[in-house]
Protein chains: 2
Amino acid sequence: MSDTAASDAKIHLEGRLEPRDGWRAETCTIARTLDVLRTKSAMLVIREAFYGAERFDEFVARTELSEPVVAARLRELVADGLLERTSYREPGQRARQGYALTAMGADLFPALAALMQWGERWLGPSGVRLEHHGCGAPLTVELRCEAGHTVASSGDIGLARAPRGSR
Amino acid sequence: MSDTAASDAKIHLEGRLEPRDGWRAETCTIARTLDVLRTKSAMLVIREAFYGAERFDEFVARTELSEPVVAARLRELVADGLLERTSYREPGQRARQGYALTAMGADLFPALAALMQWGERWLGPSGVRLEHHGCGAPLTVELRCEAGHTVASSGDIGLARAPRGSR
DNA sequence: CGGCATCCTTAGGGATACTG
DNA sequence: CAGTATCCCTAAGGATGCCG
């Protein structure tokens with residue numbers, strides 16, 4: 001196998017799927033998602049939320065972003081519904097505020113994992129890896145169809161109009 | 001199930017995994033990957049490569065980015081090894097230049113698919129969907145461990161030091 | 001057709017200092 | 001501790017025009 005996947009990397013477009021069918025511009029899901037995840041700093045804040053950060057300074061210290069930037073990202077991510085404010089009181093301590101992933105935010109994990117997997121593969125190993133907790137086996141991101149097939153190549157994928165009412 | 005996944009969304013850090021173990025800053029794979037995929041425009045160019053764009057103006061028209069931006073992204077993506085320049089000659093036509101995904105670029109598909117899946121789920125449907133070509137069943141991005149378990153929640157995931165020499 | 005040069009505007013982000 | 005306010009710099013990106 002050569003270094004190039006060239007034309008066989010393209011996905012198959014059903015019929016003559018055209019722009020207004022929803023695969024482009026404002027309607028494109030990739031573009032819409034990137035509008036929420038806007039910046040690298042947003043991704044890093046999300047990453048640290050997965051890694052256990054809760055308080056403002058934890059995010060600042062661990063993302064290595066400046067305070068104003070972290071404040072802005074936290075505000076936006078809360079507004080967008082990916083994080084929510086929490087407040088908890090440890091016994092004998094004063095109340096603390098914090099941030100936690102919502103279900104919407106937590107559901108970003110496969111995307112983060114996919115980016116990590118790509119980076120490990122093509123930019124070199126980082127020294128850590130994701131694993132199934134308890135089982136201990138290394139984790140991979142896979143594309144599978146509902147018929148149960150594992151889909152290894154983007155050339156085996158098609159883009160089609162979604163049936164009405166499907167999720 | 002409430003709207004919040006809160007603390008159970010956090011992944012488990014093995015032992016006292018610390019910054020210099022490679023899960024942060026310059027060594028963090030997420031950060032390194034985002035340094036390559038830097039901007040939204042880069043992602044859109046990649047997206048169009050998957051959707052079949054090859055020539056300069058196809059990228060310009062279909063991403064709805066300006067020419068200088070597309071030119072810059074194409075140059076960078078070629079330099080980074082995600083795209084490569086091609087040249088082909090249709091019968092009776094003069095030679096044309098183009099761009100195609102390399103294996104490295106094509107391997108980004110799971111990450112794009114994960115972003116699409118998240119957007120469809122949380123930002124609303126776009127009208128199109130990915131499917132297994134030929135089989136026709138809808139496609140999903142899944143986290144699976146090498147022992148074969150499907151991992152549904154980020155709370156079931158751990159981050160551990162990678163064994164020496166493992167990929 | 002496939003760009004590059006120039007100019008301009010906006011957004012992202014750091015540093016520092018300050019406040020409830 | 002959890003931010004804001006201010007200032008400043010750089011990067012991202014659009015518009016326009018030119019060029020091999």
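What you see below is based on every heavy atom in this structure, not just the backbone, and it leaves out hydrogens, waters and symmetry mates.
Regarding B:F59, its CZ atom lies at a distance of 14 Å from the C1' atom of C:dG3, rounded to whole Å. One can place CZ of A:F56 at 17 Å from P of C:dT19, the figure rounded to the nearest angstrom. Computed from coordinates, the B:E76 CD to D:dG13 C1' distance equals 12 Å when rounded to whole Å. Between B:L65 atom CG and D:dG13 atom P the separation is 7 Å, expressed in whole Å. In this structure, B:L74 places its CG atom 7 Å from P of C:dG3, rounding to the nearest Å. For B:D57 and C:dG3, the CG to C1' distance is 10 Å, given to the nearest whole Å. Taking atom CD of residue A:E64 and atom P of nucleotide C:dA15, one finds them 11 Å apart after rounding to whole Å. For B:R75 and C:dG3, the CZ to C1' distance is 10 Å, given to the nearest whole Å.
Each of B:P68 and B:E58 was assigned the nucleotide of DNA chain C with the nearest heavy atom; the assignment lying further toward the 5' end belongs to B:E58. Nearer the 5' end of DNA chain C, as judged by each residue's closest nucleotide, is the contact made by B:Q97, out of B:Q97 and A:S66.
Residues passing the ring-ring contact (aromatic ring centres under 6.0 Å, His included) test with A:F109, sequence neighbours excluded: A:F50.
Side-chain N/O atoms of B:R96 include none lying less than 4.0 angstrom from OP1 or OP2 on C:dC1. Proximity of B:R73 to the phosphate of D:dA12: no side-chain N or O atom is located under 4.0 Å from OP1 or OP2. OP1 or OP2 of C:dG2 sits under 4.0 Å from a side-chain N or O of B:R55.
When atom types are taken as modelled, the side chain of A:E131 and the backbone of A:A137 share no donor-acceptor pair closer than 3.5 angstrom. Between the B:R96 side chain and the B:S87 main chain, no donor and acceptor come within less than 3.5 Å of each other. With hydrogens and angles disregarded, a donor-acceptor distance shorter than 3.5 Å links the side chain of B:H12 to the backbone of B:G155. Not a single donor-acceptor pair under 3.5 Å links the side chain of B:R144 to the backbone N or O of A:L139.
Taking the six-membered ring for Trp and thresholds of 30 and 60 degrees, B:Y99 and B:F59 have ring planes more than 60 degrees apart, a perpendicular arrangement.
Here A:E64 does not pair with A:R62 in a salt bridge; the nearest charged N to carboxylate O distance is not below 4.0 Å.
Of all the residues in residues 33-45 of chain B, B:R38, B:T39, B:S41 reach under 4.0 Å from DNA chain D with at least one non-hydrogen atom.
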